[in-house]
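Here's the structure, in structure tokens; my notes come after.
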Amino acid sequence: QVQLVESGGGLVQAGGSLRLSCVASGLTSSLYHMGWIRQAPGKEREFVAAISKSGIGTYYTDSVKGRFAISRDNAKSTVYLDMNSLKPEDTAVYYCTADTSLTTVRGVDDVDYWGQGTQVTVSS
């Protein structure tokens with residue numbers, strides 16, 4: 001059974017930082033491209049960041065470039081999202097995703113696997 005389990009969310013003031021983690025089990029993580037998607041209340045899901053299965057390629061939505069960094073440790077089957085200079089508009093539930101297609105994991109539709117989500121709240 002495949003599971004993606006996120007952790008690290010919480011409440012932080014604007015300008016602060018958080019590190020999200022996602023541990024994958026039930027799959028060989030080195031064979032999957034990984035990503036993060038977020039959904040704010042009343043808004044559609046939004047792609048945030050993705051990383052290729054090798055870890056060499058990283059991709060970001062424009063609004064987080066220069067502030068967020070995605071990384072992975074395949075030995076630990078874990079992907080991270082370091083979030084800095086957080087803004088109130090970053091408030092959302094953040095979901096970890098995994099897919100064998102790099103194109104798919106850079107979007108929000110038809111992703112193979114999702115985590116249960118972790119709440120990030122940024123106060124102004």
Side-chain angles (χ1 to χ4, degrees):
Q1 180 181 0
V2 174
Q3 281 191 313
L4 303 178
V5 180
E6 303 99 333
S7 61
L11 174 63
V12 64
Q13 288 188 332
S17 300
L18 283 174
R19 178 179 237 204
L20 304 184
S21 300
C22 170
V23 179
S25 61
L27 54 76
T28 303
S29 61
S30 61
L31 299 181
Y32 284 80
H33 309 289
M34 306 289 289
W36 292 91
I37 292 173
R38 66 187 179 187
Q39 187 166 25
K43 295 188 177 181
E44 295 186 351
R45 292 175 297 181
E46 176 188 28
F47 165 75
V48 177
I51 187 166
S52 65
K53 55 187 178 182
S54 68
I56 293 175
T58 57
Y59 312 87
Y60 301 93
T61 192
D62 286 346
S63 63
V64 308
K65 284 181 181 176
R67 300 189 298 122
F68 290 12
I70 189 170
S71 60
R72 66 189 297 163
D73 184 340
N74 284 339
K76 296 181 179 180
S77 298
T78 301
V79 63
Y80 305 98
L81 186 67
D82 288 296
M83 306 186 295
N84 300 303
S85 302
L86 282 161
K87 304 175 180 180
E89 52 263 43
D90 294 318
T91 295
V93 177
Y94 284 70
Y95 298 91
C96 176
T97 61
D99 202 281
T100 54
S101 165
L102 184 57
T103 298
T104 299
V105 86
R106 292 174 65 183
V108 299
D109 296 321
D110 302 321
V111 177
D112 284 343
Y113 301 109
W114 290 72
Q116 83 289 350
T118 186
Q119 176 71 46
V120 171
T121 303
V122 184
S123 63
S124 57

With rounding to the nearest 0.5 Å, note down the distance linking CD1 in I37 to OG1 in T61.
-> 11.0 Å

Is it possible for you to say whether Y80 and V105 belong to one hydrophobic cluster, with membership spreading through side-chain heavy-atom contacts below 4.5 Å?
-> no

Flag yes if V93 and L18 sit in one hydrophobic cluster, no otherwise; membership is Ile, Leu, Val, Met, Phe, Trp, Tyr, and two members link when side-chain heavy atoms are under 4.5 Å apart.
-> no

With rounding to the nearest 0.5 Å, note down the distance linking OG in S63 to CD in E89.
-> 8.5 Å

Do R72 side-chain atoms and S52 backbone N/O form a donor-acceptor pair below 3.5 Å?
-> yes

Return yes when atom CD1 of I56 has more than 12 non-hydrogen atoms of other residues, nucleotides or ligands closer than 6.0 Å, and no otherwise.
-> no

Please, which pairs that meet side-chain hydrogen bond (donor to acceptor under 3.5 Å, both in side chains) have at least one residue in residues 1-12, sequence neighbours excluded?
-> E6-Q116

Is there side-chain contact between Y113 and Y32, with at least one heavy-atom pair below 4.5 Å?
-> yes

State, yes or no, whether a side-chain contact exists between S30 and K53 at a heavy-atom distance under 4.5 Å.
-> no

Just wondering, do V120 and L20 contact through their side chains at under 4.5 Å, heavy atoms?
-> yes

Same hydrophobic cluster for Y94 and V64, using side-chain heavy-atom links shorter than 4.5 Å among ILVMFWY?
-> yes

Hits for salt bridge (Lys or Arg N to Asp or Glu O under 4.0 Å) against K65, two or more places apart or cross-chain, chain-then-number order -> D62

Applying side chain to side chain donor-acceptor pair (under 3.5 Å), name anything that partners S85, two or more places apart in sequence or on another chain.
-> none

To the nearest 0.5 Å, tell me how far L31 CG sits from T100 OG1.
-> 9.5 Å

Check: S29 and L27 side chains under 4.5 Å, non-hydrogen atoms | yes

What residue pairs, at least two apart or across chains, pass disulfide bond (SG atoms under 2.5 Å apart) with a residue in residues 47-124?
-> C22-C96

is_close_aromatic(W114, Y95), centroid dist under 6.0 Å | yes

Considering all heavy atoms of both residues, which atom of T104 and which atom of D110 are nearest to each other, and what is their separation?
-> CG2-O, 3.5 Å

Hey, are the side chains of V12 and M83 touching, using non-hydrogen atoms and a 4.5 Å cut-off?
-> no

Donor-acceptor pairs under 3.5 angstrom involving side-chain atoms of residues 40-47: please list them, not counting sequence neighbours.
from : atom 1 : to  : atom 2 : distance (Å)
E46  : OE1    : R38 : NE     : 2.7
E46  : OE1    : R38 : NH2    : 3.2

Under 3.5 Å, is there a donor-acceptor pair between the side chain of T91 and the main chain of V122?
-> yes

For the residue pair Y59 and I70, establish whether any side-chain heavy-atom pair is separated by less than 4.5 Å.
-> no

Starting at OG1 of T121, measure out to CG of D90 and round the result to the nearest 0.5 Å.
-> 11.0 Å

If a pair satisfies side-chain hydrogen bond (donor to acceptor under 3.5 Å, both in side chains) and one of its residues is in residues 8-26, list it, with sequence neighbours excluded.
-> S17-N84, R19-D82

Shared hydrophobic cluster for M34 and V2 (ILVMFWY, side-chain gaps under 4.5 Å) = yes

